[in-house]
Structures are given as C-alpha cells and as structure tokens.
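This is the structure, below, for whatever I ask next.
Residue numbers count from 1 along this sequence. Computed from a prediction, not measured in an experiment: that's the story for all the values here. All values below come from the heavy atoms of this structure, side chains included, with hydrogens, waters and symmetry mates left out.
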Amino acid sequence: MRALLVTSLGVTCAAALTLPLAVSGSATSVPDPAPAPAPAAAAAAARAPAAEPRGSTQSLPLGPLADAAPRTSGEPTAPRSSQASSATVRGLSPRDAHRFSLVGVVWDDVDTELHGTVQVRTRATATGRWSGWQDLETHNADHAADAGSAERGSGTVHGSTAPLWVGDSDGVDVRVRSDDTASRDGADSAPLPEGLRVELVDPGDDPARPGGGTSVAGASATVTPVASSPKPGTLPETAGLPTGAAAGLAETESPAVEAGLTPPGATGLPAPGTAEPVDQAGAASYVGPRPGIVTRKGWGADESLRERTFAYTSTVKAAFVHHSATGNNYTCAEAPSVLRSIYRYHVQSSGWRDFGYNFAIDKCGNIYEGRAGGVTKAVLGAHTLGFNTNTMGIVVLGTFTSTNPPTAALNAISKLTAWKLGLFGRDPKGKVTLVSGGSGKYAKGTSVKLNVIAGHRDGFATECPGIRLYNKLGTVRTTAAALQGR
C-alpha cells in the first residue's frame with residue numbers, strides 16, 4: 001500500500017528570510033498546500049489528469065529502503081543490499097505524484113555536505129514510461145550566499161543538490177547513497193545529512209499574453225533599443241526567442257523596481273548601479289550595446305515568493321559564469337518554465353531570498369533577468385560562495401561537463417558582459433583582485449587575483465561551469481572586449 005502523498009509549498013520567503021537588510025518586516029502569504037490526492041490508477045492510460053493548482057512544490061521525505069543498492073544509469077532494478085543502513089542509504093520507492101517538471105534533493109543543515117550520489121528516475125506524464133536513472137550534482141553549497149551574510153544566516157537556508165529538469169512528470173523514484181569511506185568506527189560509509197527530502201517542482205503556466213494564449217512575454221513589457229549594430233557573427237537581439245518573447249525584453253528596470261516595492265538604495269547600502277571611479281582614462285566610454293533582456297515579468301516570476309526588499313553592493317568588479325547543471329533536455333520555448341522551476345527551488349526548497357543568479361541565458365542565446373533589483377544595478381546575488389560581493393553571476397541553462405555550449409549562448413555571455421561590466425568601467429580581458437568571504441578554496445580574507453570574466457571554479461573547488469564551457473571563456477573575454485570597442 002503506497003503512503004499518501006505529502007505536499008508542501010515550502011517556506012514563505014518573506015516570512016522565513018527576515019533579513020537585517022529588509023525595510024519592512026511584513027510577510028507575504030503562500031497558498032495552502034493542495035490536499036493529498038488518491039493513488040493514481042496502475043495503468044498509464046487510466047490515469048486522470050492532475051487536478052492540483054499549477055505552480056507548486058511537493059516535498060517528500062526520504063526514508064530507509066529495503067532495495068538500497070546503487071544503480072547505474074538506465075538500470076530499472078537492483079539487488080537488495082544487506083550492507084545498507086538508514087545512515088548511509090535513503091530513498092523513496094516508485095510512487096505517484098502531482099505533476100512536476102524539476103526535481104532536487106535538500107537537507108536540513110546548509111553547512112553539511114552530502115558526500116555521495118543522488119539518483120532519480122521519473123515517469124513521463126505523456127507516455128507513462130519511466131526514465132533511466134539520472135545523477136543530480138550533489139555539491140551545490142558553492143552556489144549560495146556568503147558565510148556571515150544575512151541571507152545565509154537567516155536560519156532557513158538548507159543544503160541542496162543542483163536541480164534537474166525532467167519535463168512533465170507524475171511519478172518519482174529516488175536513491176541517495178553516501179560514498180564508501182573507511183572510518184575509525186568501522187562504518188562502511190559516512191552518514192548522510194539529516195532531513196533528506198526530494199523536492200518536486202511544478203513551474204506553473206507561462207504568463208498570459210494580451211488577446212489570449214500564453215507567452216513568456218509580460219503584457220506591459222517593452223523592447224530594448226539597441227545602441228549599435230551587433231558585431232558580425234553574433235545573433236540578432238530577438239533570435240531564438242519563444243513566441244511573443246520579444247515583447248518581454250527589458251527597457252529600463254525590473255518590474256519589481258518599477259512597481260516601487262523598495263526604492264533602490266533603501267537598504268542603507270551604497271546607492272546601487274553607479275560605477276565607482278576607475279583608474280583608466282576614458283573607461284566610461286567602453287560600454288557595449290545593451291542586449292535584449294527578458295524581464296522577470298516576461299518569464300513569469302511570482303514576485304510573492306521572494307524577499308520583498310533588495311540587497312545591493314557598491315559596484316560590479318567581475319562576472320562569474322556558471323552552468324545550471326539541470327541538464328540539456330529542454331527546448332528554448334521551455335526556458336521560462338525552467339527558470340520558474342529553479343526560482344521556486346532556490347526560494348522555497350533551498351530557503352534563499354530570491355533566484356540566486358543575476359542573469360540567466362538559454363541555449364538559444366536569450367538573456368533573462370535573474371535576481372530582482374534592477375538589471376543595471378549592483379544587485380547582491382547568491383551564486384559564488386565567498387565572492388558574491390561586488391560581482392554578478394551569469395548562469396547558462398544546461399550541463400557542460402561533456403557537452404559543448406551552443407555558440408548562441410557564448411555570444412550572449414559576451415554581449416551581456418560587454419554591456420554590464422562596461423557600466424562599471426571593467427575591461428572583460430582584464431584582471432581584478434577580490435577578497436574572499438570564505439569559499440572552501442580560499443580562506444576568508446584572502447586576496448585573490450581573478451579574470452574579470454571568471455568561471456565559478458576559479459573561486460570555488462567545483463566542476464561548474466563544466467569544463468566545456470570553462471574552456472570557452474577566453475573567447476568570451478575577447479568578444480566582449482571587442483563589443484566594448486577595445
């Protein structure tokens with residue numbers, strides 16, 4: 001007999017992340033969790049459509065398993081393991097679920113690392129077929145707010161894997177197993193973190209567009225005027241956008257800023273968005289053309305989820321490039337859904353104040369506004385542990401450890417950095433010295449000389465942004481500098 005499905009919409013960000021930076025302590029509300037559904041019919045053809053509201057998170061605890069042996073990719077079953085224990089193996093037997101499209105695993109203590117493997121397989125809603133076993137990237141603590149910051153110290157931030165985009169699904173199977181390590185007490189493996197649970201995220205529907213139908217475009221969003229023609233070989237500003245998305249490009253600031261939720265600078269930090277004085281003469285003239293940017297409203301961000309106030313730093317000295325590690329099995333039309341899923345996972349599952357990265361880029365080269373606060377501003381993100389201050393984080397949707405990043409995405413990184421770094425007088429081919437806030441690779445207080453356009457692995461011991469993307473950053477720097485006219 002299957003256990004009843006437990007659903008949860010996670011924590012309310014504004015209520016849970018009551019930060020010193022906040023001007024108002026008022027909490028936003030989250031809809032009540034949907035009632036647990038009756039078990040679905042055994043036959044896929046007999047399963048009725050899900051009736052739960054779209055845009056939600058199901059949080060299911062992971063427990064001991066009789067069948068706990070590790071699995072290889074694509075293996076449907078595995079022998080029982082007499083050596084397994086609840087301390088080293090946890091999971092969830094195959095079960096029905098409300099519809100979801102993204103899956104991740106979280107645990108209680110953000111400072112506890114999961115040394116082991118996390119594997120999931122999911123059942124496609126359209127076909128009723130189970131996928132093969134897929135690995136989740138376990139070391140995700142390096143994509144987070146800095147130690148000692150208000151965001152990380154809120155008491156609601158959790159440890160988490162990277163999320164994985166699986167497409168429209170209604171069944172899940174999970175295995176978490178710690179690495180086999182020798183220890184003085186004779187245990188086969190190190191214990192797993194406490195409070196392990198799988199998070200199943202439904203992104204909800206795309207924003208409605210005027211005249212009916214859906215689109216990634218917001219009804220009131222406008223298009224960015226381009227200061228000059230793109231360089232030969234780069235994509236037009238609207239190339240590859242999902243239907244109607246060109247109407248969702250940012251012209252001025254985040255819709256949240258335009259709505260006046262918190263005036264820029266109201267946190268008491270330096271006024272954001274103004275470049276600090278720079279040494280090189282004429283640096284202010286080296287600003288690349290402003291690229292098209294799909295606003296948060298354009299990709300459908302639910303502004304009630306995040307912390308309502310904004311956090312800023314004084315400048316932007318460098319850009320850290322990441323990959324989302326969510327896999328490459330998405331279409332460009334699905335990119336807004338991927339973003340909404342990651343956003344819910346960051347806020348409701350991981351306990352962050354908002355989407356972690358300042359910008360996102362999809363495989364077609366579309367650029368999206370990430371963390372709220374204004375695309376021209378020096379918004380404090382949670383993307384590179386130890387180096388979030390005075391930097392920006394750019395995530396490319398996909399996994400690039402063994403897959404080459406699309407040229408369109410590389411062009412988009414170049415265009416975005418040429419413009420945004422140019423606003424703050426930065427040379428994309430230059431170097432910058434940053435002081436670590438403590439990253440695991442560099443102790444707190446260490447001065448580190450980095451490229452102005454750096455990979456995540458430059459600041460933390462991680463595979464991110466994947467070796468295939470990391471190896472292309474030299475080309476990105478050269479192209480970005482050329483777009484600035486250097």
Side-chain angles (χ1 to χ4, degrees), residues 13-14 17-26 28 143-146 149-152 154 218 220-221 224 248-276 290-291 293-320 322 339-340 342-344 346-347 350-361 367-384 387-395 416-417 419-421 423-424 426:
C13 186
L17 299 182
T18 306
L19 306 178
L21 292 172
V23 175
S24 171
S26 61
T28 57
H143 301 74
D146 290 344
S149 67
E151 183 170 0
R152 191 176 179 92
S154 64
S220 62
T224 302
L249 300 178
E251 181 177 21
T252 53
E253 293 304 342
S254 161
V257 174
E258 291 173 344
L261 296 181
T262 301
T267 59
L269 292 175
T274 304
E276 63 181 16
R290 177 168 176 162
I293 302 171
V294 179
T295 65
R296 288 171 63 92
K297 184 175 183 179
W299 55 263
D302 181 350
E303 301 297 351
S304 71
L305 299 180
R306 65 170 178 83
E307 167 68 34
R308 290 184 63 83
T309 55
F310 309 125
Y312 299 98
T313 57
S314 60
T315 187
V316 177
K317 294 182 177 181
F320 282 98
H322 305 254
L339 288 173
R340 291 195 302 277
I342 295 174
Y343 174 42
R344 283 184 173 272
H346 282 179
V347 175
S350 300
W352 301 357
R353 68 180 296 156
D354 193 358
F355 190 85
Y357 309 98
N358 299 102
F359 297 93
I361 294 171
I367 303 171
Y368 301 85
E369 178 185 18
R371 179 162 288 207
V375 295
T376 64
K377 310 298 184 184
V379 178
L380 177 65
H383 49 83
T384 307
F387 294 98
N388 289 303
T389 299
N390 295 334
T391 68
M392 68 175 184
I394 302 169
V395 64
L416 176 59
T417 52
W419 167 70
K420 184 65 182 278
L421 291 173
L423 295 179
F424 294 87
R426 310 301 172 189

Arg296 CZ to Arg371 CZ distance, which is reported to the nearest 0.5 Å | 9.0 Å

Compare all side-chain heavy atoms of Lys420 with those of Val375 and state whether any distance is below 4.5 angstrom.
-> no

Interatomic distance, Arg290 atom CZ to Thr376 atom OG1 [nearest 0.5 angstrom] | 6.5 Å

Taking it one step at a time, do Asn388 and His383 satisfy side-chain contact (heavy atoms from CB on, under 4.5 Å)?
-> CA-CA 7 Å; Asn388 289 303; His383 49 83; 3.5 Å; yes

Could you give the distance from CD1 (Ile394) to CG (Leu416), rounded to the nearest 0.5 Å?
-> 4.5 Å

Closest heavy-atom pair, Thr417 versus Ala319, reported as atoms and distance to 0.1 Å, is CG2-CB, 4.1 Å

Closest heavy-atom pair and its distance - Phe310, Arg306 = CE2-NH1, 3.4 Å

Do Val379 and Tyr312 pass the side-chain contact (heavy atoms from CB on, under 4.5 Å) test, and can you show the C-alpha distance, the side-chain angles, and the key distance before you say yes or no?
-> CA-CA 4 Å; Val379 178; Tyr312 299 98; 3.8 Å; yes

Side chains of Leu339 and Phe355 in contact at under 4.5 Å (non-hydrogen atoms) = yes

Arg426 side chain vs Ala318 backbone, donor-acceptor pair below 3.5 Å = no

Ignoring hydrogens and angles, tell me if any N or O in the side chain of His346 forms a donor-acceptor pair with the backbone of Trp352 under 3.5 Å.
-> no

CD of Glu303 to CG of Asp354: how many Å apart, nearest 0.5 Å?
-> 7.5 Å

Shortest non-hydrogen separation from Glu369 to Trp299 and the atoms involved | O-NE1, 2.8 Å

Rounded to the nearest 0.5 angstrom, the CD1-OH distance for Ile293 and Tyr368 is 12.5 Å

Arg353 and Thr309, any side-chain heavy atoms less than 4.5 Å apart | yes

For the student: nearest non-hydrogen atoms of Ala378 and Ser314, plus distance = CB-C, 4.3 Å

Side-chain donor/acceptor of Tyr343 to backbone N/O of Gly300, under 3.5 Å | no

Mind listing the closest non-hydrogen atom pair of Val395 and Tyr357 along with its distance?
-> CG1-CD1, 3.4 Å

Less than 4.5 Å apart, any side-chain heavy atom of Trp419 and any of Ile367?
-> no

Considering non-hydrogen atoms only, spot the tightest contact between Asn358 and Thr391 and give its length.
-> OD1-O, 4.2 Å

